[in-house]
Amino acid sequence: MARALLLDFGSVMSFSVFEQHRISETRLGLPENSLTWLGPFAPTEDIKGAEGAGQDELWQSMQRDEITERDYWYTRAKETGEMIGQDNWGMLEFLRAVRDPKQLVRPEIESLVKDAKVQGMVVGVLSNELELFYGAEVMDQIEILELMDFIVDATHTKVLKPKPEAYQFALDKLDCETSEIVFVDDQLRNVVGGEAVGMQVVHFDITDVATSIEEVREKLGLHT
């Protein structure tokens, strides 16, 4: 029986950047379809031609562990900044420009968190990049974070998932068996890391959010 829910933030609790490309283009004053990199939404088979055809080789390189997740996002942030004359953008500048903290969180996740807490479950965040990417000022405006019993953020711990030590920081916050924790992440390597330390895990597929949410609810015993 699950007693705790441990969530990644980016793309799990929040909408992914890929899902909001059209919103981002509007906020940046870019023509529609200027942002062509699609991450997990891009075709996985080999495609001849430019990334504009839907290819995202940089994402595939990250999945092969040739570059880190942070490398991927810093590259995309820099590329996007250059499109509007901002030559030194990192993720902090990019996300502040394209994201509204009040419209960032998936409604399905907000409902899930509230239902879990009503049932007396502990709910926490285990993130590799939360404050590094968003900044403390923006985090203060993300209302769902106020519902969290704790936040473990590698911005401060300096230990990234899927290293076992990263999960241990979260385990130290919880008074339950490891097997009573449901851990949710969109990156398979991080899911495997959670499973390796004994957690129940859900690989959150952002291309099929409804199925992923239902799987989490089933593991928690929170049926819709």
Side-chain angles (χ1 to χ4, degrees), residues 4-20 24 39-40 58-59 61-63 65-81 86 88-106 109-110 113 122-174 181-194 196-197 199 201-204 206:
L5 173 62
L6 186 60
L7 296 164
D8 179 38
F9 185 80
S11 296
V12 174
M13 296 180 70
S14 69
F15 289 103
S16 73
V17 173
F18 309 106
E19 293 168 273
Q20 296 194 322
S24 297
L58 194 65
W59 179 265
S61 181
M62 185 191 84
Q63 299 303 314
D65 290 324
E66 295 167 355
I67 63 171
T68 68
E69 191 171 1
R70 288 181 180 180
D71 290 335
Y72 177 87
W73 286 114
Y74 274 111
T75 299
R76 293 311 188 195
K78 186 175 188 301
E79 290 173 348
T80 305
Q86 301 291 336
N88 298 306
W89 262 14
M91 274 307 293
L92 190 64
E93 293 78 16
F94 172 61
L95 290 177
R96 283 181 174 175
V98 302
R99 299 288 232 178
D100 180 348
K102 302 297 184 182
Q103 298 179 340
L104 182 63
V105 174
R106 299 184 188 276
I109 287 288
E110 186 170 0
V113 167
V122 178
V123 183
V125 173
L126 178 59
S127 172
N128 275 354
E129 82 308 320
L130 187 49
E131 189 172 329
L132 179 71
F133 280 8
Y134 284 92
E137 182 179 334
V138 172
M139 284 177 61
D140 288 342
Q141 300 175 59
I142 303 174
E143 295 178 357
I144 196 172
L145 295 180
E146 298 176 5
L147 300 178
M148 297 299 104
D149 293 294
F150 64 87
I151 297 173
V152 174
D153 184 359
T155 304
H156 301 289
T157 67
K158 309 302 182 185
V159 181
L160 299 173
K161 298 170 291 186
K163 291 183 178 179
E165 298 87 346
Y167 305 92
Q168 189 61 50
F169 283 115
L171 295 174
D172 290 344
K173 303 280 188 182
L174 293 163
I181 303 166
V182 176
F183 171 62
V184 187
D185 200 294
D186 66 303
Q187 291 300 312
L188 182 58
R189 67 176 66 82
N190 298 338
V191 173
V192 171
V197 301
M199 298 177 182
V201 295
V202 174
H203 184 201
F204 195 92
I206 68 173

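All values below come from the heavy atoms of this structure, side chains included, with hydrogens, waters and symmetry mates left out. Fair warning: this is a prediction, and the values are worked out from it, not measured in the lab.
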Who passes side-chain hydrogen bond (donor to acceptor under 3.5 Å, both in side chains) against Gln86, sequence neighbours left out? none
First locate atom [atom1] of [X], then atom [atom2] of [Y], and finally report the distance between them rounded to the nearest 0.5 Å.
X: Leu6; Y: Leu171; atom1: CG; atom2: CG; value: 8.0 Å
X: Gln187; Y: Asn128; atom1: CD; atom2: CG; value: 9.5 Å
X: Trp73; Y: Thr68; atom1: CH2; atom2: OG1; value: 12.5 Å
X: Met91; Y: Tyr72; atom1: CE; atom2: OH; value: 10.0 Å
X: Ser127; Y: Met139; atom1: OG; atom2: CE; value: 8.0 Å
X: Tyr74; Y: Glu79; atom1: OH; atom2: CD; value: 15.0 Å

Start with the C-alpha gap between Val113 and Leu7, add the side-chain angles, then the distance that decides, and say whether side-chain contact (heavy atoms from CB on, under 4.5 Å) holds. CA-CA 10 Å; Val113 167; Leu7 296 164; 3.8 Å; yes
Results of ring-ring contact (aromatic ring centres under 6.0 Å, His included) for [X] - residues two or more places apart only:
X: Phe9; value: Tyr134
X: Phe204; value: none
X: Phe15; value: none

Pairs flagged by salt bridge (Lys or Arg N to Asp or Glu O under 4.0 Å) wherever residues 6-15 is involved - sequence neighbours left out: Asp8-Lys161
Got a sec, which pairs hit salt bridge (Lys or Arg N to Asp or Glu O under 4.0 Å) with one end in residues 142-158, sequence neighbours left out? Lys102-Glu143, Lys117-Asp149
Counting only heavy atoms from other residues, nucleotides and ligands, does the tally under 6.0 Å from CG of Asn88 exceed 12? no
CD of Glu66: more than 12 outside heavy atoms within 6.0 angstrom? yes
What's the shortest heavy-atom distance between [X] and [Y], and which atoms?
X: Ala166; Y: Val152; answer: O-CG1, 4.4 Å
X: Gln20; Y: Arg99; answer: OE1-NH1, 2.5 Å
X: Ser11; Y: Ser16; answer: OG-CB, 3.3 Å
X: Lys163; Y: Val159; answer: CB-CG1, 4.0 Å
X: Arg106; Y: Ser14; answer: NE-O, 3.4 Å

Val17 vs Val98, test: side-chain contact (heavy atoms from CB on, under 4.5 Å). Steps then yes/no. CA-CA 9 Å; Val17 173; Val98 302; 5.6 Å; no
Are the side chain of [X] and the backbone N or O of [Y] linked by a donor-acceptor pair below 3.5 Å?
X: Thr155; Y: Leu132; value: yes
X: Tyr167; Y: Leu126; value: no
X: His203; Y: Asp185; value: no

Could you walk me through whether Val138 and Arg96 pass side-chain contact (heavy atoms from CB on, under 4.5 Å), step by step? CA-CA 8 Å; Val138 172; Arg96 283 181 174 175; 4.1 Å; yes
Before you tell me yes or no, could you show the steps for Arg70 and Leu160 under side-chain contact (heavy atoms from CB on, under 4.5 Å), namely the whole-Å CA-CA distance, both residues' side-chain angles and the distance that decides it to 0.1 Å? CA-CA 10 Å; Arg70 288 181 180 180; Leu160 299 173; 3.2 Å; yes
